[in-house]
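Note that the numbering runs from 1 along the sequence shown for the chain.
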Amino acid sequence: MANLTRFDPLNIEEPFESFIRNAFWRPLALESSKRMQIKLDVEEDDTKFTVRADMPGVSKEDIKVTLDGNQVSISAHISDSTEKTDNGNFVHRERYEGDMYRSFSLSQSVDKDKAQANYRDGVLELVLPKRADASRRELTIQ
């Protein structure tokens with residue numbers, strides 16, 4: 001009995017298959033989706049939120065944190081201007097260079113005047129006290 005196989009228009013006989021897939025299509029797809037993500041943890045207790053954001057390779061002068069009510073925005077620019085090459089172009093490069101941004105909402109407004117930020121060893125730590133007047137209120141429907 002004959003075996004049935006699914007037709008794959010991209011299936012090119014070796015040795016050209018790996019060349020086409022790895023040297024042409026794959027790098028284009030990776031370059032377009034390449035973006036640095038800020039990974040973070042958010043802890044909450046009765047009085048404050050604590051946010052820890054991984055931001056490796058960023059100098060603290062390039063970090064910007066904006067607080068607006070319960071909205072927190074973190075942005076930074078990563079640049080590796082110290083690296084120079086004497087002998088040509090890069091063949092492969094995985095380190096990110098550019099801007100990164102993360103914005104999120106908390107369950108309660110933040111007291112901007114008492115908020116603190118600390119950056120050490122590639123981790124940004126934000127201590128965001130909750131506003132006392134931002135208590136939760138349920139409305140009566142009339």
Side-chain angles (χ1 to χ4, degrees), residues 3-142:
N3 291 333
L4 295 177
T5 58
R6 185 179 297 252
F7 174 68
D8 183 4
L10 298 178
N11 187 9
I12 301 170
E13 296 295 323
E14 284 292 336
F16 299 108
E17 181 180 26
S18 63
F19 173 76
I20 296 294
R21 288 186 191 264
N22 295 332
F24 181 67
W25 285 315
R26 194 172 184 189
L28 292 177
L30 290 175
E31 288 299 318
S32 65
S33 64
K34 185 178 173 183
R35 176 139 332 250
M36 180 73 166
Q37 297 292 322
I38 300 175
K39 293 179 177 25
L40 51 89
D41 296 329
V42 181
E43 292 181 46
E44 178 182 10
D45 62 24
D46 294 337
T47 60
K48 69 182 180 308
F49 296 98
T50 304
V51 178
R52 288 180 192 86
D54 290 343
M55 303 177 75
V58 179
S59 65
K60 71 178 184 177
E61 293 80 19
D62 293 333
I63 300 173
K64 182 179 177 185
V65 177
T66 306
L67 304 173
D68 185 15
N70 68 335
Q71 186 79 17
V72 180
S73 299
I74 303 170
S75 61
H77 180 75
I78 300 174
S79 64
D80 193 10
S81 59
T82 59
E83 184 175 322
K84 304 278 189 231
T85 58
D86 304 3
N87 44 348
N89 297 325
F90 285 103
V91 174
H92 181 74
R93 188 168 188 183
E94 292 183 354
R95 291 186 289 162
Y96 180 76
E97 187 170 341
D99 296 320
M100 59 179 163
Y101 179 82
R102 182 81 185 257
S103 184
F104 56 95
S105 298
L106 298 170
S107 61
Q108 195 170 341
S109 294
V110 172
D111 188 350
K112 299 175 210 172
D113 298 328
K114 296 179 183 176
Q116 298 175 349
N118 183 24
Y119 182 69
R120 186 177 61 218
D121 296 332
V123 178
L124 174 68
E125 183 177 77
L126 305 174
V127 178
L128 308 172
K130 296 178 180 178
R131 281 185 48 178
D133 62 350
S135 61
R136 189 173 189 182
R137 180 178 160 217
E138 190 173 317
L139 296 177
T140 305
I141 301 173
Q142 299 180 6

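At least one donor-acceptor pair under 3.5 Å links the side chain of N70 to the backbone N or O of L106. Looking only at distances, a side-chain donor or acceptor of K130 sits under 3.5 Å from a matching main-chain atom of D45. A side-chain donor-acceptor contact under 3.5 Å links Y119 to the backbone of V58.
When every heavy atom of L67 is checked against every heavy atom of A115, the shortest pair comes out as CD1-CB, 3.7 Å. Nearest approach of E44 to S107, heavy atoms of both residues: OE2-OG, 3.6 Å. For the pair I38 and A53, the tightest heavy-atom approach, listed with the atom from each and the gap, is CG2-CB, 3.8 Å. Summarising the geometry of A117 relative to L126, their closest heavy-atom pair is CB-CD2, 3.6 Å, with the distance given to 0.1 Å.
Here the CD1-CZ distance, from I74 to R102, works out to 8.0 Å after rounding to the nearest 0.5 Å. Taking CG of D54 as the reference point, atom CG of L40 lies at 8.5 Å (rounded to 0.5 Å). Taken from CG in D111 to OG1 in T47, the straight-line distance is 11.5 Å, to the nearest 0.5 Å.
Note on E43 versus R52: salt bridge recorded, some NZ/NE/NH1/NH2 to OD/OE distance being below 4.0 Å.
Between M100 and M55 there is a side-chain heavy-atom pair separated by less than 4.5 Å. Within the 4.5 Å cutoff, the side chain of F49 has no heavy atoms near those of the V72 side chain. The side-chain heavy atoms of V65 and L124, taken from C-beta on, include a pair separated by under 4.5 Å.
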*Take S103 and Q71 through the test side chain to side chain donor-acceptor pair (under 3.5 Å) and record every step on the way to the result.*
CA-CA 7 Å; S103 184; Q71 186 79 17; 2.6 Å; yes

